[in-house]
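Note on naming: letters A, B, ... go to the chains in the order of the sequence lines (proteins, then strands), and numbering restarts at 1 for each one.
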2 protein chains.
Amino acid sequence: MQPARRLYRRESEESRRTALISATQELVAEGGPEAATVRAIAERAGVTPGLIRHYFQSKDELSRAAYRALMDGMTAKGADAIEGVGAGPEERLAAFIAASLRPPVLDAGAVVLWAGYMHKVRSDPDLMAVHEASYLAYRDTLQKLIETLPRAVKPGQTRVEAIACNALIDGLWVEGSLLPGTFEPGEVITIGLSAVSAILGINLLDHTAMLPDFGKTTP
Amino acid sequence: MQPARRLYRRESEESRRTALISATQELVAEGGPEAATVRAIAERAGVTPGLIRHYFQSKDELSRAAYRALMDGMTAKGADAIEGVGAGPEERLAAFIAASLRPPVLDAGAVVLWAGYMHKVRSDPDLMAVHEASYLAYRDTLQKLIETLPRAVKPGQTRVEAIACNALIDGLWVEGSLLPGTFEPGEVITIGLSAVSAILGINLLDHTAMLPDFGKTTP
DNA sequence: CGCACGATTATACGCGCGTATAACAGTCGG
DNA sequence: CCGACTGTTATACGCGCGTATAATCGTGCG
């Protein structure tokens with residue numbers, strides 16, 4: 001008895017595309033780029049391999065879409081973090097930083113996924129543009145938040161500060177995700193907040209009351 | 001006329017191994033992990049594919065060796081940087097940081113190479129140990145340099161500072177390599193030195209006289 | 001000097017990849 | 001209610017991959 005024909009199920013274009021993109025991201029996050037074959041992606045998404053080429057011109061186009069979705073998702077997470085919180089500039093900055101250093105952003109799968117596309121980012125101008133836009137958007141949000149702080153600043157100072165804070169957060173994001181056992185839970189956030197405080201000459205640790213990670217800690 | 005047999009050339013085991021490792025690193029740096037096939041590696045190294053399996057049990061073992069060599073090389077570069085310079089703690093720290101934010105360490109190929117192995121680092125305990133050791137060695141060097149600074153510190157303070165500085169340098173390394181056009185030449189070093197200065201409460205920019213990047217700049 | 005051994009090359013195998021294409025199955029306007 | 005349309009599946013093709021193995025070549029030892 002050979003396997004019966006897969007049952008025919010019709011879905012919207014959007015749900016199929018997102019399913020394929022999610023499947024791709026999951027597989028790359030779990031097993032690196034080489035694990036995301038068209039057959040594995042199709043199986044994960046619950047379709048047959050042929051369907052991929054019905055929604056994407058090639059596997060490469062699906063890969064690009066997956067990278068774009070990753071970057072958009074991460075910047076969206078940051079934007080969400082400064083939506084709800086109180087109006088204080090320090091609170092908003094602290095919330096923004098903390099959101100980047102906590103799951104689901106701080107996640108080994110996300111780092112592996114991000115790293116897996118790195119060489120394509122460098123060789124494909126389209127993906128390079130996505131990366132650059134995403135990086136600059138994040139940095140710009142950071143810079144805008146920094147500029148709202150009640151400080152006297154010299155011209156050009158906030159740009160350099162934003163670059164440094166961005167780099168600091170990126171580095172903590174990578175190492176905190178890859179070596180989770182090396183840090184206490186929440187320690188990455190504390191380190192990030194205090195280092196950014198030092199760079200900017202402020203004190204963010206006094207403005208963490210509304211952060212979910214700081215219920216009653218840091219005596 | 002079919003191609004003549006490749007001329008038989010005998011080499012030492014060490015030169016063959018390093019040639020194969022270098023070829024692997026170059027190919028991954030240029031085209032990502034998928035570009036480093038046994039055939040491409042062999043051609044780059046000037047041998048035939050079969051020879052790879054004479055010196056390495058499998059392609060995976062060669063990959064691991066290439067990753068180890070990458071990590072060792074980068075930490076060696078840092079150690080070199082603090083060898084020659086004057087005895088001042090600030091000078092040594094500044095030289096160490098600058099060495100990480102300047103070619104050949106600051107290099108897109110190196111970042112792509114590093115990123116290309118990331119998922120293997122996570123899944124292979126052997127590589128994970130290499131990564132962790134390399135990361136902790138770098139951080140430890142940093143921490144030791146920080147501890148020599150003439151400052152009054154609280155217990156546990158330098159560990160957190162070293163983590164933050166390490167993350168900052170890592171982040172600048174990645175973004176500075178991937179988006180070289182976004183920064184002026186040497187700007188990444190300046191930003192790194194000033195941000196580390198802020199984190200540690202010192203001033204490294206006054207101790208850059210012997211750095212090759214600071215001939216007569218930063219007015 | 002010759003021969004045994006190790007370094008190196010040559011060839012082949014099987015597998016899984018991305019892709020192309022044809023068959024099939026629901027859906028919807030007439 | 002039927003035919004055109006399109007989402008979906010099934011099957012096949014060719015290529016390049018990592019690997020295995022046999023043939024070849026140089027070198028050093030007895």
Query raised in the report: Can you check the A/L20 CG to D/dT8 C1' distance for me, whole Å?
Result: 12 Å

Query - For atom OH of A/Y8 and atom C1' of C/dA25, their distance in whole Å - result: 5 Å

Report summary line: Ranking C/dT9, C/dG18, D/dT9 by distance to the side chain of A/R6, first place goes to D/dT9

Query raised in the report: A/F56 CZ to C/dG18 P: how many Å, rounded?
Result: 15 Å

Requested in this report: Tell me, please, whether B/Y117 has B/R68 positioned over its six-membered ring: NZ or CZ under 6.0 Å from the ring centre and within 45 degrees of its axis?
Outcome: no

**Report entry** Selected nucleotide, minimal atom distance to A/R5 side chain, candidates C/dT8, C/dG18, C/dA25
**Finding:** C/dA25

Query - Residue B/T37, side-chain atoms from C-beta onward, closest of D/dC17, D/dT19, C/dT19 - result: D/dC17

Query raised in the report: What's the CD-C1' distance between B/E34 and D/dC17, to the nearest Å?
Result: 13 Å

Query raised in the report: Looking at A/H54, does any N or O in its side chain come under 4.0 Å of the phosphate oxygens OP1/OP2 on D/dG7?
Result: yes

**Report entry** Side chain A/R10 and base C/dG26 donor-acceptor under 3.5 Å
**Finding:** yes

Requested in this report: State, with a plain yes or no, whether a side-chain heavy atom of A/H119 is found less than 4.5 Å away from one of A/P33.
Outcome: no

Query - D/dT8 OP1/OP2 closer than 4.0 Å to side-chain N/O of A/Y55 - result: yes

Report task. Using a cut-off of strictly less than 4.0 Å, decide whether B/T48 has a side-chain nitrogen or oxygen near OP1 or OP2 of C/dT8. Result -> no

Report summary line: B/E43 atom CD is separated from D/dC17 atom P, nearest whole Å, by 11 Å

Query raised in the report: Looking just at side-chain N and O atoms, do A/T182 and B/Y135 make a donor-acceptor pair shorter than 3.5 Å?
Result: no

Query raised in the report: What is the distance from CG of B/L62 to P of D/dT19, rounded to the nearest Å?
Result: 10 Å

Report task. Rounded off to whole Å, could you give me the CG-to-C1' distance for the B/L7 and D/dG26 pair? Result -> 13 Å

Requested in this report: Write down the distance between CZ (A/R39) and P (C/dG18), rounded to a whole number of angstrom.
Outcome: 7 Å

Requested in this report: List the steps, then state whether side chain to side chain contact (heavy atoms under 4.5 Å, CB included) holds for B/H131 with B/M118.
Outcome: CA-CA 9 Å; B/H131 169 254; B/M118 189 155 293; over 6 Å; no

Report task. Classify the nucleic acid contact of A/E11 as base, sugar-phosphate or nothing, counting any heavy atom under 4.0 Å across all strands shown. Result -> sugar-phosphate

Requested in this report: Check whether any side-chain heavy atom of B/K59 lies under 4.5 Å from a side-chain heavy atom of B/I52, and answer yes or no.
Outcome: no

Query - Nearest-nucleotide comparison on DNA chain D, the residue closer to the 5′ end among B/R9 and B/V38 - result: B/V38

Requested in this report: Using heavy atoms to find the nearest nucleotide of DNA chain D for A/G50 and B/R53 separately, return the residue whose nucleotide is more 5′.
Outcome: A/G50

Requested in this report: Give a yes/no answer on whether the side chain of B/R16 brings an N or O atom under 4.0 Å of OP1 or OP2 in C/dT8.
Outcome: yes

